[in-house]
Amino acid sequence: MEGTMFARGLKRKCWDGDEDVEGAPAAPSYSLQRQSLLDMSLVKLQLCHTLVEPNLCRSVLIANTVRQIQEEMTQDGAWQLPAPPVAGRGPLDHLVSTEILCRAAWEQQGQRPAPDLPSELPGALGAPAPGSAQSCIWEADSSRGHRGSFPKSLDQIFETLESRAPSPVEGLFADAGGPYYDLDAVLTGMVGGKSGPGGGDGLQALAPAGAPPPSASCKRDLGELDHVVEILVET
Amino acid sequence: MEEDIDTRKINNSFLRDHSYATEADIISTVEFNHTGELLATGDKGGRVVIFQREQESKNQVHRRGEYNVYSTFQSHEPEFDYLKSLEIEEKINKIRWLPQQNAAYFLLSTNDKTVKLWKVSERDKRPEGYNLKDEEGRLRDPATITTLRVPVLRPMDLMVEATPRRVFANAHTYHINSISVNSDYETYMSADDLRINLWNFEITNQSFNIVDIKPANMEELTEVITAAEFHPHHCNTFVYSSSKGTIRLCDMRASALCDRHTKFFEEPEDPSNRSFFSEIISSISDVKFSHSGRYIMTRDYLTVKVWDLNMESRPIETYQVHDYLRSKLCSLYENDCIFDKFECVWNGSDSVIMTGSYNNFFRMFDRNTKRDVTLEASRENSKPRAILKPRKVCVGGKRRKDEISVDSLDFSKKILHTAWHPSENIIAVAATNNLYIFQDKVN
């Protein structure tokens with residue numbers, strides 16, 4: 001139960017086996033507002049790249065919300081291609097009042113199919129695993145000849161989180177003494193900390209093995225940077 | 001229907017003694033020490049301010065036990081992680097006191113990455129009459145020294161000095177959200193979003209990792225640790241809460257890595273209340289053991305819940321903090337308020353619980369009488385020594401004279417941090433950059 005992220009996200013069951021191609025529920029406003037919430041959430045996730053490390057809890061909660069919306073849209077058959085990325089402004093233009101989304105599921109009975117009852121969950125949708133849901137989306141998109149940018153951006157975000165927060169090598173006894181620079185990490189530009197998308201597995205493999213070195217004050221020991229530069233030069 | 005809330009059962013009445021306007025910075029943590037004599041605050045600027053309670057004197061009855069500034073020091077400085085090109089904030093996330101074992105006071109303070117042990121001690125005497133130095137400290141010419149004397153201690157003006165005794169660094173990849181001193185007084189734990197480490201106070205270059213929920217593939221991450229605390233009496237037991245509204249109780253005797261919990265507390269979801277925000281509002285922002293050790297209290301966005309350690313299936317008590325916000329969750333999601341992390345506290349006898357809200361309101365719930373009260377921490381609405389007036393939020397229909405409507409609430413004025421004296425009815429409430437201390441009325 002703990003691991004299945006969709007166990008809680010399932011909200012209603014499909015009454016028919018086939019999805020309605022148009023997918024729009026009786027009240028189009030719900031669909032629009034749900035899309036708006038999705039756009040808002042994506043904007044929130046991308047605005048995480050500030051100077052200070054993003055709040056991981058907040059990012060995870062927003063990402064889970066995005067997944068829930070995505071899952072429900074898939075069930076509705078209302079999954080649409082996301083709008084082509086416009087520099088920042090686009091999604092915000094589509095924001096509408098999402099008050100209706102705050103209402104409990106039972107209040108929306110008139111507008112959408114009835115909400116799921118927990119006992120019916122296992123058989124209801126037949127799309128249990130997160131992985132398969134993802135691939136469904138990608139398949140659906142590719143069937144339209146275009147790979148949606150949304151799922152990719154969610155993965156991108158987590159890749160970025162991962163590479164921004166590399167895991168040091170830790171056993172039971174975490175040795176905190178001194179930094180350890182993975183040479184490959186240095187050479188691939190991890191020193192700058194700028195980790196763009198597309199690195200994929202490569203970035204994860206090259207995550208620095210050492211935790212950031214201790215510094216009691218703002219003034220960093222420049223000797224360590226010199227050491228890094230020496231390595232670059234020698235190679 | 002007008003409900004006249006009788007606050008006498010809860011607190012007799014509350015006086016406001018002082019408003020300490022630390023205008024410099026936003027207070028990020030508040031904590032009484034184990035006797036209640038000291039009150040520590042940490043702020044966004046990395047500073048710690050410690051208040052000490054005055055000794056009561058018969059001459060000045062009206063100045064009964066007020067808190068005055070005792071010590072101020074810079075605990076953490078801003079840092080820059082060059083490898084990740086990220087700033088490390090100096091904001092103090094938590095302060096925890098160690099029980100007093102000698103004349104000095106010890107506390108732990110932490111920012112996102114580093115925990116420090118501070119010693120706060122008094123100096124009210126100084127040695128005079130050195131042989132080799134004169135009174136200003138300059139070395140004396142040995143040729144002029146003809147006699148020997150023993151230096152004596154003479155009284156001086158009280159000086160309180162804070163010195164960092166230990167720095168526990170480089171053990172957290174993610175942001176530290178909790179620290180908790182163990183009842184053995186030899187160890188403590190620090191928890192970040194994905195891991196919990198166990199430290200010995202004497203050893204700064206090593207820590208045990210006791211909980212690790214980081215998935216092998218970060219893309220599968222759906223849950224983080226939000227708070228953690230040791231049991232007040234059993235040094236092998238601790239709990240940690242998650243962003244999915246669950247609490248896990250772990251026993252360190254079971255295994256070195258406590259990835260498998262001993263107990264798992266989760267309330268079944270109410271399917272009729274389900275929305276896209278259900279998970280976010282179920283995320284637990286604080287978890288606290290009762291002083292007795294029998295109960296735990298958790299705070300999520302809209303409620304405070306009390307759990308019996310012997311019953312994992314659901315909480316034994318649930319208190320609505322500000323349920324009128326349930327219909328506003330979309331707006332609160334948009335302005336990020338839905339991610340605010342409110343703390344909660346027990347009173348000394350575990351009979352009353354307190355937590356903050358918006359508009360500088362804070363709420364108290366009496367577990368025995370089931371009465372609750374809403375109070376406000378603001379200078380405009382209370383004068384020194386005035387009794388706090390209960391507040392009420394109007395949720396619909398006609399608004400009465402003293403009520404405030406939900407739409408008028410100021411969401412920038414949030415009370416996230418409060419503290420309750422361990423034995424008396426004295427509370428400390430942090431309202432952004434102001435600290436309010438309220439006491440029971442003296443007869």
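Chain A is the first sequence line, chain B the second, and so forth, proteins listed ahead of strands; every chain is numbered from 1.
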Side chain, backbone, both or neither: which part of B:Ser283 has a heavy atom under 4.5 Å from chain A?
side chain

Contact class of B:Leu194 relative to chain A, heavy atoms under 4.5 angstrom:
side chain

If you compare all heavy atoms of B:Trp199 against all heavy atoms of B:Ala169, which two are closest, and at what distance to 0.1 Å?
CH2-O, 4.1 Å

For B:Thr226, which atoms come within 4.5 Å of any heavy atom of chain A: side chain, backbone, both, or neither?
side chain

Row check, B:Phe264 ring normal vs B:Arg248 NZ/CZ: under 6.0 Å, within 45°
no

Where does B:Tyr333 contact chain A at under 4.5 Å (heavy atoms): side chain, backbone, both or neither?
both

Quick one: which of B:Ile225, B:Asp112, B:Asp193 has the most heavy-atom pairs under 4.5 Å with chain A, could you say?
B:Asp193

Which atom of B:Asp300 lies closest to which atom of B:Ser282, heavy atoms considered:
CB-O, 3.8 Å

For B:His322, which residues count as a ring pair (Phe, Tyr, Trp, His ring centres under 6.0 Å) partner, sequence neighbours excluded?
B:Tyr301, B:Phe342, B:Tyr358

Taking only residues two or more places apart in sequence or in another chain, which ones pass side chain to side chain donor-acceptor pair (under 3.5 Å) with B:Asn177?
none

